[in-house]
Amino acid sequence: MFRRREPVPFAFIAETDRFRSNVAPPPRERVSAGQLAGRWLLGLTIVAGIVGSLVLGMPALSQNNLSTQHQQSQAADNR
């Protein structure tokens with residue numbers, strides 16, 4: 001029932017705070033010109049898509065009273 005714990009010297013526990021690995025991570029690979037151009041092109045495409053959707057969508061979102069009055073007058077004339 002009881003798990004037996006191995007005794008750990010206090011000095012070992014105290015040294016763990018000062019422990020640092022001597023293994024350095026590998027250096028980052030440099031981004032090639034093609035990859036950099038591709039990232040810029042992708043970013044510009046996304047921004048252009050958002051701007052284009054706003055430009056095309058704003059007339060549909062605006063409330064134009066002239067068009068609603070014109071539709072109502074045609075419906076009233078057909079009665």
Side-chain angles (χ1 to χ4, degrees):
M1 293 285 231
F2 289 88
R3 289 178 62 181
R4 185 173 171 181
R5 293 182 145 198
E6 295 293 323
V8 178
F10 181 76
F12 176 76
I13 295 173
E15 289 178 9
T16 57
D17 294 334
R18 294 181 294 174
F19 178 75
R20 292 211 172 117
S21 175
N22 60 355
V23 178
R28 286 187 166 190
E29 294 181 13
R30 298 196 106 182
V31 179
S32 68
Q35 288 177 336
L36 189 60
R39 289 179 185 177
W40 273 98
L41 186 61
L42 179 65
L44 287 175
T45 303
I46 291 171
V47 169
I50 292 171
V51 170
S53 66
L54 286 174
V55 167
L56 294 175
M58 288 304 284
L61 294 174
S62 67
Q63 294 179 353
N64 191 357
N65 291 336
L66 295 175
S67 65
T68 57
Q69 290 175 354
H70 183 22
Q71 290 174 356
Q72 289 173 354
S73 64
Q74 283 180 352
D77 291 340
N78 290 337
R79 284 189 190 183

With a 3.5 Å cut-off and sequence neighbours excluded, list the donor-acceptor pairs that the side chains of residues 42-55 form with protein atoms.
residue : atom : partner : partner atom : Å
T45     : OG1  : L41     : O            : 2.7
S53     : OG   : G49     : O            : 3.3
S53     : OG   : I50     : O            : 2.8

Minimal heavy-atom distance between L36 and V31, with the atoms involved, is N-CG1, 3.8 Å
Who clusters with L56? Use side-chain heavy atoms, under 4.5 angstrom, across I, L, V, M, F, W and Y, and order the result by chain and number.
none
